[in-house]
Each structure stands twice: as C-alpha cells, then as structure tokens.
Amino acid sequence: PQVADQKTLAKQIYEAYLKNFNMNKSKARTILTGKTSTPPFVIHDMETLQLAEQTLVAKMVGSSGALLNKDAEVRIFHCCQCTSVETVTELTEFAKSVPGFSNLDLNDQVTLLKYGVHEALFAMLASCMNKDGLLVAHGSGFITREFLKSLRRPFSQMMEPKFQFAMKFNSLELDDSDLALFVAAIICCGDRPGLVNVPHIERMQESIVNVLHLHLKSNHPDNEFLFPKLLQKLVDLRQLVTEHAQLVQEIKKTEDTSLHPLLQEIYRDMY
Amino acid sequence: LKEKHKILHRLLQNSSSPVDL
C-alpha cells in the first residue's frame, strides 16, 4: 500500500506540473532540436533584438511607454522580469496542487514560495537552455549566450551563471516526470527562514523526497548516483539564487530601472 | 508576513486574479 501511495503522489505532482507550466522540457527540447515546423527567431545582436521586440515580445515592451527610450540592457532586464513573474504565478498554482500544501499555515505557504520560486525557476530554465542560448517568448525566440555575454555590465553577468548551472544540470538527463518531483521538493523545504510549522512541512518534504528517490530508481535504473547528485543540485541552486538576488539589488541601486512589485516582495529581506 | 507579501498572498488565495506585467 505504501508503494501505491507513493506512485499516486508522483502521478499527482507530475499531472500538476504538466497542467500548470506553459513550457516544459519535452516541448523545449522539440524546439531546440529543430523538430518543429517553424524554428524560433534567433536574437543575436541589437538589430535582431529590435525585430523581436516589435513582434515576439511587443506586449511586454509595449506595456510601458517608459521603456521606449531605455537602452537594450534595461529592456532585456524588463522582459526577464515579465517571464519570471509569469513563472512565479505558474509555480504558485503548481504548489497549490501539491497534496498537503494548501493545508499549510498561509504564512508558511508565503515563506515556501518566497524562498523556493527562484530556485525552481532556475532549475526549470535549464530545460530551455543549450550551450549556445536560451528559448524566450514561450519558445518563439532564441537569444544567444554570446549576445547576452556581450551586454554591458552588470547585465552581462545575469545569465552566464545560469548557463553554467544548466549545462551541468542538463547532463543529468532528467525528464519532465523527474523535474516535477524535483520542483515540488524545492518548494516543500523545511529549512526556509521563518517557517512556523516546521514538522508539518518536514513530513511533506520527506514524502516528496522519498517519492523522488523511488521514481529515479525506476526511471533511471542505470544511474545509481542520480539521487545524491540531485540533492547536491539543491545546494547549488541556493547559491545561484543568493548571487542572483545580490545582482538584482546592485542593478536596482545603480541602474535607471524598476523592479516588478511581485519580485520586490520576494527579494525584500530574503537573504 | 502576509502583509509584506500582498501579491503572493493574493495569488495563493485567488488564482483567477492575474498579475500585471
């Protein structure tokens, strides 16, 4: 009966993942390996960026007239924020579908999302990356890693650490069923600062991590060290988010740009 | 905590209210 319960939990979490995220690894890989009828539009310089802004991300850029006179770096930063906000909303819905999450104290739900969403976001971003670039605008565009690196500082430092993480993470060859459980494990984490009902969350975390372990054994029978490797990735993601939060604070202080209110809430008093 | 995270709180309580981009 216990194994049956674990399989049910794995299935519920996987279904919630497929239902709530607009992009997933399977879709992203289809696009990145050229198996779609229309390939993504490649953004590799200022000219192709402007073309993409007029078509693919017109809604994001056009939503604020204040962006018109800003430089490319600030406009790209704004688009990154829009994508992050969309993913945070998707992650919130996903979290609510994880069995037990909605029964938690509301303050604890807020805390788990505050600390978990960026780790989850960067883990899922890896699905949209290859060594040369990143899918953007729901898979209709592809921005090159070289172009992102060529932006002026500090914006040029924004994506490169995520590419470096993604290349190592992608070598683990997880599929969407593994990622669904991994993302749930990131969110239901008992050691976030300020949690009220730690034992409750620890019990949830324990069941999800057990299910992840069991699932990896059956889905990747030849890779016996995959589970400990993934646990290490949880540590790496925490570091990646700490550095990202510092960079965002630096950009906020030194650049003429604004931060979305939802992201402001998340970053405030974070680390 | 809920007071300091009004948008997250709203998303948790009401999924049908979108966040402006």
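Below, chain A is the first sequence line, B the second, and so on; all start at residue 1.
Between chain B and the residues A/Gln81, A/Glu86, A/Gln109, the largest count of heavy-atom pairs under 4.5 Å involves A/Gln109. Contact tally against chain B (heavy-atom pairs below 4.5 Å) for A/Asp269, A/Leu106, A/Val117: the top residue is A/Leu106.
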Walk me through whether A/Thr111 and B/His5 qualify under side chain to side chain contact (heavy atoms under 4.5 Å, CB included).
CA-CA 9 Å; A/Thr111 302; B/His5 298 82; over 6 Å; no
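In this structure, A/Leu112 CG and B/Leu8 CG are separated by 11.0 Å, a value rounded to the nearest 0.5 Å.
Proximity to chain B at a heavy-atom threshold of 4.5 Å picks out A/His260, A/Pro261, A/Leu262, A/Glu265, A/Ile266, A/Arg268 from residues 251-268 of chain A, in numerical order.
In this structure, the side chain of A/Lys96 engages the main chain of B/Leu11 through a donor-acceptor pair within 3.5 Å.
A/Val110 has its side chain out of reach of B/Lys4: every pair of non-hydrogen atoms, C-beta onward, lies at least 4.5 Å apart.
Listed by chain and number, the residues in a side chain to side chain contact (heavy atoms under 4.5 Å, CB included) with A/Asn22 are A/Glu90, A/His138 (sequence neighbours excluded). The side chain to side chain contact (heavy atoms under 4.5 Å, CB included) search around A/Pro193 returns A/Tyr115, not counting sequence neighbours.
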Pairs under 3.5 angstrom only: tabulate donor-acceptor contacts from the side chains of residues 121-129 of chain A to other protein residues two or more places apart or in another chain.
| unit_1 | atom_1 | unit_2 | atom_2 | d |
| --- | --- | --- | --- | --- |
| A/Ser127 | OG | A/Met124 | O | 3.4 |

